[in-house]
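Worksheet: the structure to be examined is printed underneath.
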Amino acid sequence: MNKKEIAEILEEMAVLLELKDENPFKIRAFQNGARAVEGIEEDIEKLSEQKKLTEIPGIGNHLATLITELIQIGFSKDHQQLKKSFPEGVLKMLSIQGLGPKKVKVLYQKLKLKTVEELEEACKQHKLLKVEGFGEKTEINILKGIEYLKKSKDSHLFPEALDEAHAYMDYLSKSSHTQRISIAGSLRRHKETIRDIDLLISSSNPKEVIKTFVSYPLVNRILAEGETKSAVILKSRINVDLRVVTDTEYPFALHYFTGSKEHNTHLRSIAKDKGLKLNEYGLFKGKKSLPCKTEEDLFKTLGLSYIEPELREDVGEIDAAQKNKLPKKLVEFKDIRGAFHNHTTYSDGAATLEQMVHKAQSMGFEFIGISDHSKAAYYANGLKPDRVKKQWKEIDVLNSKLKNFKILKGTEVDILPDGTLDFEDELLAQFDFVIASVHSKFNMTEKDMTKRITTALKNKYVTMVGHPTGHLFFMREGYPVNLHTLVDVAKDYGKSVELNANPHRFDVDWRMCKYAKSKSVPISINPDAHKTEGIEDIQYGVGIARKGWLEPKDVLTTWPLKDIMKFLKSYR
DNA sequence: GCCGTTTTCGGCCCGACTGTTTTCAGTCG
């Protein structure tokens, strides 16, 4: 059992303990334990063997035994026991906004509600009004929460889908019948969340390929198994569609199945204008298909420059391709030289300052910005000025030892409801950079929230706004804010805008990247890392940036360090 | 349940908001 799975079990146990009304500090110990496990840098199985688990802060004797049990026999008796106390659907109710363990417990015990569906029905019939502590508003909010849950039900975070797709492709590539293979669909276009995985294979023996496809060990259910088309659901609950075509058809099919639908429709009309017909099997002049070996050939034949998959959303890319006005070279991961917005154990990160630095160095970076939370972020162990200064000292010492690498002193300072910041200007002035973020009082009108955030951005020491909308995929909607106004203010005050690369966030999204680019506002692709691996999320942020038409020059974190330092001084 | 150079017992991060209530419990971050 790996770190992630162990952490998930500890997390679930914490939830179950909450439902059982256990000692809150015991619950927190499980939550801390889960986070500690996730943050472990070494091999957890080895640590368990060597009985060194208790050396990790947050893991004591009991949790160490439990983790060892999980590693050795794959389950824990304590966990199984706890799980028996509540039906599974009751746990699901907890993912509804505004419903916590206390209320869920009451609903389960008083109204005998066991699933989200039963809860929804009960709300509609106003059965909750009978229960003390529940009112009309609560019912409405629960229904809203259920609606939101349903909307995001069948979607998956980008990296989860990508990992599944790569593993499946590795497996399929081994078949001698597979000629060319590719990811298609929204995953190839790097949409922010993924509903299903589309795979395309060229082969002269489609039957065999399909047979191999449905025999994949991680398949949970086969939905369709035809001559050239198959669909399955994986154990991870992701749907995967496969199409098998001939190698001649492959480039056309790849384009077709990559989409988007709107892009395809538009491109077909371009073909039609030229007296051609385009579909997934070819580009036809009369009955004769024009030869194309690759997608590049296809675009060329239509008189267009090559359109990268990320751009195919029919938001002007076809027009630009006709006029040869597409970005010359979209940003790539290898262009990235460093990252702002990283947390350490000083606040709510799992890795120490030094571990984060080493990770950044191992990724070939030239700098890393450290931005732990400010004091208002109690829940995240936010820093008071004295601890900020302690961290600065540690950074100074490390910097003096480092060659060709620099740690930048930063903070993720809370934006208070009135738009002022959680640190005094006098302190802010001493940071190399300042990220200002909203972490509280989300419930404001768009006008007030926009005022609040732009006021913060206008502060002469603030470099950028962190995760500007605050949304979390599948968990909560963002607070209302006018992003165009925000970008305009960034433009006027010479600031940057964050593209938070955490796959739960992708905030701002690619649409706003495009707008920022049009205003020459540099985008910072930031990992918002809370552990060393978190820094790797930058690669997904790069995908979103590409989708937003960004080239290296548009991305602050690709600039040479001396230019970045110049930028950080320019707006003060 | 975890932790510890004031402590092996007794703390453990807490303020704001919401919706329900008339003084507060539950939820969230």
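Computed from a prediction, not measured in an experiment: that's the story for all the values here. Chain naming here is simple, since letters A, B, ... match the order of the sequence lines and numbering starts at 1 in each. Scope of the values below: all heavy atoms of this structure, side chains included, with no hydrogens, waters or symmetry mates.
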Just call it for [X]: base, sugar-phosphate, or nothing, with non-hydrogen atoms closer than 4.0 Å on any strand.
X	answer
A:Pro24	nothing
A:Thr138	sugar-phosphate
A:Pro417	nothing
A:Glu132	nothing
A:Leu66	nothing
A:Asn443	sugar-phosphate

Pairs involving residues 457-474 of chain A, ordered by first then second residue, that meet side chain to side chain donor-acceptor pair (under 3.5 Å) (sequence neighbours left out):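 Found A:Glu412-A:His467, A:Asp425-A:Asn459, A:His439-A:His467, A:Thr463-A:Tyr571, A:Thr469-A:Asp507.
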
Comparing A:Asn381 and A:Leu99 on DNA chain B - which has the more 5′ nearest nucleotide: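 Comparing both residues, the 5'-ward one is A:Asn381.
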
5'-most by nearest nucleotide on DNA chain B - A:Arg28 or A:Gly60: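 Final value for this comparison: A:Gly60.
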
Interatomic distance, A:Ile564 atom CD1 to A:Phe367 atom CZ [nearest 0.5 angstrom]: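 One finds 3.5 Å between CD1 of A:Ile564 and CZ of A:Phe367.
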
Derivation of the salt bridge (Lys or Arg N to Asp or Glu O under 4.0 Å) call for A:Lys127 and A:Glu118: CA-CA 11 Å; A:Lys127 285 188 181 165; A:Glu118 287 174 16; over 6 Å; no

Atom of A:Ala64, atom of A:Ile59 and distance for their closest heavy-atom approach: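 That closest heavy-atom pairing would be N-CG2, 3.8 Å.
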
Worked verdict on A:Lys124 versus A:Glu120 for salt bridge (Lys or Arg N to Asp or Glu O under 4.0 Å): CA-CA 6 Å; A:Lys124 284 180 180 161; A:Glu120 184 177 11; 3.4 Å; yes

Leading and trailing nucleotides of DNA chain B with any atom under 4.0 Å from heavy atoms of chain A: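 Range of nucleotides within reach of chain A: B:dG1 to B:dG29.
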
Identity of whatever pairs with B:dA16 - Watson-Crick or G-U, under 3.5 angstrom: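 B:dA16 is paired, partner B:dT27.
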
What distance, rounded to whole Å, do you find between the two [atom1] atoms, one in [N] and one in [M]?
N	M	atom1	answer
B:dT6	B:dG15	P	26 Å
B:dC17	B:dT21	C1'	15 Å
B:dC13	B:dC2	C1'	15 Å

Sole candidate of A:Lys401, A:Lys390, A:Lys406, A:Lys409 that passes salt bridge (charged side-chain N to carboxylate O under 4.0 Å, His left out) when paired with A:Asp396: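 Looking at A:Lys401, A:Lys390, A:Lys406, A:Lys409, the match for A:Asp396 under the salt bridge (charged side-chain N to carboxylate O under 4.0 Å, His left out) is A:Lys409.
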
A:Asp509/A:Lys547 under salt bridge (Lys or Arg N to Asp or Glu O under 4.0 Å): CA gap, chis, key distance, verdict: CA-CA 9 Å; A:Asp509 77 0; A:Lys547 205 164 178 56; over 6 Å; no

